[in-house]
Amino acid sequence: MRKLLADVAYTLVPPRGDRHGPLPPLLLTLTVVTGLVDAVSYLGLGEVFVANMTGNVVLLGFALAGTAGLSAPATAVSTAAFLVGAVAGGRFGGRFAGHRGRLLASAMSVQAVLVAGALGTAVVADARPTDPARYALIVLLGLAMGLQNAVVRRLGVPDLTTTVVTQTLTGLASDSTPDSAPNSTHGSPHGSAPDGGAGLRRGRRILSVVAILLGALVGALLLRVSLTLVLGVVLALLAAAVLVTRRLSATDAAWVRP
């Protein structure tokens, strides 16, 4: 338990000189954003995911089989938007390959613009969006989440994908004992490996799952008030994360390098 709590603290407040610097808490913020956004898309836009592409592909299969309440065009549009966003994220990764702080800050800035566009669309549409507004929201949010996924993948922080928890849960279960964890190390909660540790990282994994769960829970609750409120919270989180990232990455600290 002591190691678990130390790992949680290490992730939330990384010590000076950590390989990934402030990236873990920033990526946890994006993980909360994922839960919020998928709450909007699935509960508010007609049972479609814009961040969870595994679920979206499954829903597409169900929709093609004629399952009531599901829309094959909506899931296909969401998947296409996500892929376009991921392509853009790959280009960002190439442009800012030498500085992870600028990469994340720039990507989140674009995300914030896309979410602001979605918020504006939702405000104009009011209450339940009509089909044109619904598809505009799906496209804007799908682009934002595809961009996020590609950039986070480029950052390479272990156990913090921000959108997928299947592997995280698998790691928690399969590496539940030190002997079962690959390349297990002892001492620091994240081991001594240069990538932030090859140890168990149970605390980081648990935080990742809790973050997406929290985002989904809060998103579902806020949707009872309005869809625009949830998007407003997402925009506020992204704006705050951009400001923090830009400030912290204005140095030549070791964590900004790939």
Side-chain angles (χ1 to χ4, degrees), residues 8 11-12 24-56 58-59 62 68-71 74-75 78 81-82 108 111-131 133-149 152 160-166 168-169 172 203-244:
V8 168
T11 301
L12 293 174
L26 289 169
L27 296 188
L28 284 174
T29 301
L30 290 182
T31 307
V32 174
V33 164
T34 295
L36 289 164
V37 169
D38 263 344
V40 168
S41 65
Y42 190 83
L43 300 176
L45 300 178
E47 298 182 354
V48 60
F49 289 113
V50 295
N52 178 7
M53 285 300 109
T54 301
N56 214 41
V58 171
L59 289 178
F62 293 161
L70 298 180
S71 168
T75 50
S78 174
F82 183 93
M108 288 193 299
Q111 261 191 290
V113 171
L114 291 168
V115 171
L119 177 58
T121 302
V123 168
V124 171
D126 198 22
R128 300 288 296 184
T130 59
D131 269 353
R134 176 184 174 225
Y135 277 97
L137 287 166
I138 289 172
V139 169
L140 289 167
L141 295 176
L143 289 169
M145 299 313 296
L147 174 66
Q148 173 182 308
N149 210 56
V152 170
L160 289 174
T161 66
T162 75
T163 56
V164 180
V165 297
T166 302
T168 305
L169 290 169
L172 275 171
R204 180 184 291 183
R205 291 169 178 170
I206 291 172
L207 284 172
S208 180
V209 174
V210 169
I212 200 167
L213 175 63
L214 178 63
L217 173 61
V218 172
L221 292 173
L222 293 181
L223 270 173
R224 297 177 182 178
V225 180
S226 74
L227 187 148
T228 55
L229 177 59
V230 187
L231 292 176
V233 171
V234 171
L235 182 58
L237 286 174
L238 288 172
V242 168
L243 292 175
V244 171

* Let me see the working for Val164 and Thr54 under side-chain contact (heavy atoms from CB on, under 4.5 Å), right down to the final yes or no. => CA-CA 9 Å; Val164 180; Thr54 301; 5.6 Å; no
Output for pair (Leu45 CG, Leu137 CG), nearest 0.5 Å, gives 5.5 Å
Would you give me the side-chain donor-acceptor pairs under 3.5 Å for residues 24-34, sequence neighbours excluded?
residue, atom, partner, partner atom, Å
Thr29, OG1, Pro25, O, 3.1
Thr31, OG1, Leu27, O, 2.8
Thr34, OG1, Leu30, O, 3.2
Thr34, OG1, Gln148, NE2, 3.1
Thr34, OG1, Thr162, O, 2.7

So the ring pair (Phe, Tyr, Trp, His ring centres under 6.0 Å) pairs with at least one residue in residues 27-48 (sequence neighbours excluded) are Tyr42-Phe49
Using residues 208-230 as the side-chain source, report each donor-acceptor pair under 3.5 Å to any protein atom, sequence neighbours left out, with the distance given to one decimal.
residue, atom, partner, partner atom, Å
Ser226, OG, Thr228, OG1, 3.0
Ser226, OG, Leu229, N, 3.1

Residue set satisfying side-chain contact (heavy atoms from CB on, under 4.5 Å) with Leu140, at least two apart, ordered chain then number -> Leu114, Ala118, Thr121
Taken to the nearest 0.5 Å, the spacing of Asn56 CG from Glu47 CD works out to 12.0 Å
Closest heavy-atom pair, Ala74 versus Val48, reported as atoms and distance to 0.1 Å, is O-CG2, 3.8 Å
With Arg205 as partner, the option from Thr11, Val165, Leu172 fulfilling side-chain contact (heavy atoms from CB on, under 4.5 Å) is Leu172
Residue set satisfying side-chain hydrogen bond (donor to acceptor under 3.5 Å, both in side chains) with Asp38, at least two apart, ordered chain then number -> Ser41
Does any part of the side chain of Val234, heavy atoms only, come nearer than 4.5 Å to the side chain of Leu141, both counted from C-beta?
no
Applying side-chain contact (heavy atoms from CB on, under 4.5 Å), run through Val8 and Leu207 and close with a yes or a no.
CA-CA 7 Å; Val8 168; Leu207 284 172; 4.0 Å; yes
Is any side-chain heavy atom of Val37 closer than 4.5 Å to a side-chain heavy atom of Val50?
yes
So the side chain to side chain donor-acceptor pair (under 3.5 Å) pairs with at least one residue in residues 210-222 (sequence neighbours excluded) are none
Minimal heavy-atom distance between Met53 and Ser78, with the atoms involved, is CE-OG, 4.0 Å
On a heavy-atom basis, the closest approach of Ser71 and Arg134 is CB-NH2, 4.0 Å
